[in-house]
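What follows is a set of notes on a single structure, which appears directly below.
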Amino acid sequence: MDTHVLVVGAGPTGLMLANQLGRRGVRAMIIDRHAGPSLQTRAIGVQARTMEIYSKLGLVDRALELGKDGSGANLWAEGRWMARVLLGEAGRDLTPFPFVLILGQDDNERIMGDKLRDWGLSVQWNTELVALDQQPGHVTATLEQPDGTTRKITAAWVAGCDGARSAVRDLTGIMFPGAPYEHVFFVADTVVTGKMVPDQINIYLWRNGFHLFFPFRGEDHWRIVGILPPALRDRKDVTFEDVIPSVRREAGELNFTACSWFSTYRIHHRSASRFRDRRCFLLGDAAHIHSPVGAQGMNTGLQDAYNLAWKLALVTEGRADAALLDSYEEERMPVARRLLNTTDRVFRLLVSHNPLAGMLRTKILARIAEFALRRAAIQRAAFRVVSQTGIRYRESPLSKTLEGFPGGAPRAGDRFPWLRLKLQTNGPVEDLYQKLDDKRFNLVVVGQPSPSGDALDLDDLLDIHVIPADPANQAELARARIPQPSFYLVRPDGHVGLCGVRLDAGAVARYVSESLRLEPRSAPRSPNRERAPVMAS
Ligand SMILES: Cc1cc2nc3c(=O)[nH]c(=O)nc-3n(C[C@H](O)[C@H](O)[C@H](O)COP(=O)(O)OP(=O)(O)OC[C@H]3O[C@@H](n4cnc5c(N)ncnc54)[C@H](O)[C@@H]3O)c2cc1C
């Protein structure tokens with residue numbers, strides 16, 4: 001076997017997957033048909049959940065240094081400032097990163113691409129997947145190389161991170177139903193002065209559409225996104241100068257001094273009919289595409305990769321049955337479908353030609369948004385959705401909440417909440433999230449003694465965190481609605497796998513063998529096992 005996992009595509013999704021596999025010791029190969037990294041900013045919103053994942057990967061400081069906090073959003077209607085929406089406050093207790101980071105996709109790709117070196121990996125550019133042949137134990141992939149010749153390689157698994165026109169999707173015959181929107185978008189990276197509220201997102205709503213201004217790092221540097229005026233829609237040679245009059249009409253006096261990138265693009269809303277065909281997976285834009293409303297696209301692909309990586313690591317290591325991989329589609333497809341529906345509804349409202357929708361957009365929407373988002377509960381709910389910290393897999397076969405667990409508490413499938421606790425009696429308050437090793441399972445034990453790791457059948461894959469009894473801890477646990485006593489078995493990707501009131505070694509053992517499909521410690525390892533345990537730190 002040439003490699004355990006062939007990652008096709010070195011966009012954000014493929015780079016995240018290759019990093020996650022590399023740091024878990026999986027032999028991975030990453031290829032891209034382009035000659036080198038993309039220089040286009042494209043996606044620019046990095047959500048809290050992505051920053052959490054970046055922090056585990058050792059990238060968050062670099063991302064924060066390069067990006068800009070863009071949490072505040074100002075709504076303008078027909079040239080008048082209407083309202084300001086501040087979502088960051090609502091996320092203060094939910095994540096260490098309660099804001100949207102404005103950081104171009106090119107920078108995201110660069111920092112993830114640089115990180116590959118830590119695991120001895122690098123992208124093989126100018127290398128295109130052109131054919132796939134799936135066998136029971138491996139896949140043969142045909143790659144076209146820079147000199148135009150082809151070569152065949154074998155891989156145990158193939159990850160199609162190859163974007164909206166995915167070759168992996170086409171070669172596996174997976175359908176991609178959906179449709180294009182009639183509107184054409186434009187995007188421009190500009191240097192401009194005007195009435196925009198500095199350092200915050202400015203949303204200009206008008207009768208036939210919208211313009212978004214995102215603050216970039218650097219003086220007067222703004223990314224503008226909007227829909228092309230209908231008169232320009234069918235022209236192939238539209239330039240930024242052509243759209244300036246319509247931007248000025250809505251956003252008022254603007255003084256442009258530079259435009260470093262301008263592009264137009266048509267958006268589709270589509271979701272693959274399956275995210276897996278035998279040994280091939282689809283992730284990111286290869287699996288789902290939707291309108292850029294809410295800056296979710298790139299972030300969703302990164303989370304697809306985080307979901308699949310730990311499962312692939314356990315399976316390639318021979319620690320888990322390949323059936324564990326079924327949960328990738330079971331968990332990520334509903335997330336993609338929900339996202340598609342939500343972004344579709346919001347997008348249609350934002351661009352509808354219906355006069356009523358136009359009036360709603362310019363006269364009512366901003367007021368409703370401001371009024372609703374002054375309410376703490378609505379703010380928190382909105383923050384959870386936009387930041388992707390609210391994504392959960394409660395219906396997954398990997399999620400087991402034991403009987404008698406109180407309603408209202410975080411439960412199996414949820415992202416384990418962010419907690420600051422005293423982890424040593426009389427010690428300082430620490431960030432528990434930073435202590436959870438995302439290359440292992442983590443057992444968080446509250447209000448009861450812990451059995452030894454030996455009794456739990458997870459071998460070297462488990463870290464145990466017993467939370468000491470302490471008034472400060474009790475207050476923090478109550479805030480997060482964590483029952484006392486309780487226990488949470490947290491998966492490597494930070495979602496709760498199993499939870500219950502009293503820690504029951506038998507229930508943990510059953511969960512490990514029946515849900516996670518991990519091989520018992522005593523069983524012989526897979527014969528093609530080639531390296532040290534992947535999850536060991
Ligand atoms: C103009 C524009 C603006 C956007 N703005 C936003 C935004 O504001 N917010 C947002 O969330 N999203 C935005 N998006 C969407 C965002 O860019 C995508 O969601 C994101 O790029 C998806 O990442 P990916 O890695 O899944 O796919 P891609 O970034 O498309 O990467 C796929 C990679 O696969 C490679 N590849 C393809 N076929 C093969 C093959 N056969 N062999 C080898 N390599 C192959 C390609 O060369 C490419 O590098 C925008 C997109 C565009 C085009």
Side-chain angles (χ1 to χ4, degrees), residues 44-45 68-90 99-100 102 183-216 219-233 240-257 259 262 291-295 343 345-376 378-379 382-383 386:
I44 48 170
K68 185 160 185 157
D69 174 348
S71 294
N74 294 271
L75 295 163
W76 301 71
E78 296 184 322
R80 275 197 313 133
W81 185 90
M82 303 287 279
R84 175 170 303 140
V85 172
L86 293 172
L87 276 184
E89 282 302 308
F99 50 89
V100 181
I102 307 289
H183 302 87
V184 179
F185 267 74
F186 74 84
V187 33
D189 283 346
T190 64
V191 177
V192 56
T193 52
K195 282 198 291 184
M196 297 79 74
V197 177
D199 300 329
Q200 297 191 354
I201 299 167
N202 287 259
I203 303 173
Y204 293 89
L205 302 167
W206 39 289
R207 286 204 174 239
N208 292 321
F210 63 90
H211 288 127
L212 310 176
F213 281 59
F214 295 94
F216 260 25
E219 206 170 330
D220 301 327
H221 190 173
W222 293 88
R223 149 71 70 91
I224 307 175
V225 177
I227 48 175
L228 277 189
L232 299 176
R233 204 176 281 166
F240 182 55
E241 279 63 37
D242 295 325
V243 301
I244 288 180
S246 92
V247 181
R248 282 213 174 106
R249 203 160 39 240
E250 310 310 330
E253 204 39 55
L254 293 167
N255 182 23
F256 290 100
T257 48
C259 173
F262 175 76
S291 95
V293 165
T343 51
R345 275 204 299 272
V346 177
F347 182 66
R348 282 182 195 283
L349 175 66
L350 287 178
V351 296
S352 169
H353 297 312
N354 180 320
L356 261 180
M359 192 148 82
L360 177 68
R361 211 157 42 229
T362 51
K363 305 272 183 244
I364 306 170
L365 192 67
R367 296 275 179 239
I368 295 179
E370 192 199 25
F371 177 75
L373 289 167
R374 270 202 226 126
R375 283 152 204 266
I378 298 178
Q379 266 193 18
F383 180 84
V386 174

Do [X] and [Y] have side chains that get closer than 4.5 Å, going by heavy atoms?
| X | Y | value |
| --- | --- | --- |
| E241 | F262 | no |
| L254 | M196 | yes |
| F186 | I224 | yes |

Distance in Å, [X] [atom1] paired with [Y] [atom2], rounded so as to fall on 0.5 Å steps:
| X | Y | atom1 | atom2 | value |
| --- | --- | --- | --- | --- |
| F214 | I102 | CZ | CD1 | 6.0 Å |
| N74 | W81 | CG | CH2 | 6.5 Å |
| Q200 | D69 | CD | CG | 9.0 Å |
| R80 | K195 | CZ | NZ | 10.5 Å |
| D189 | I44 | CG | CD1 | 7.5 Å |
| L228 | R233 | CG | CZ | 8.0 Å |

Using the ring of each side chain (for Trp, its six-membered ring), is F216 parallel, tilted or perpendicular to H221, with breaks at 30° and 60°? perpendicular
Can you classify the ring geometry of Y204 versus F213 as parallel (below 30°), tilted (30 to 60°) or perpendicular (above 60°)? perpendicular
Minimum heavy-atom separation for P215 and D199, please, with both atom names. CG-C, 3.6 Å
Specify the closest pair of heavy atoms between F383 and F99, including all atoms of both residues, with the distance to one decimal. CE1-N, 4.2 Å
Given 3.5 Å as the limit, does a donor-acceptor pair link the side chain of [X] with the main chain of [Y], or not?
| X | Y | result |
| --- | --- | --- |
| N255 | E253 | no |
| T190 | W222 | yes |
| D220 | V191 | no |

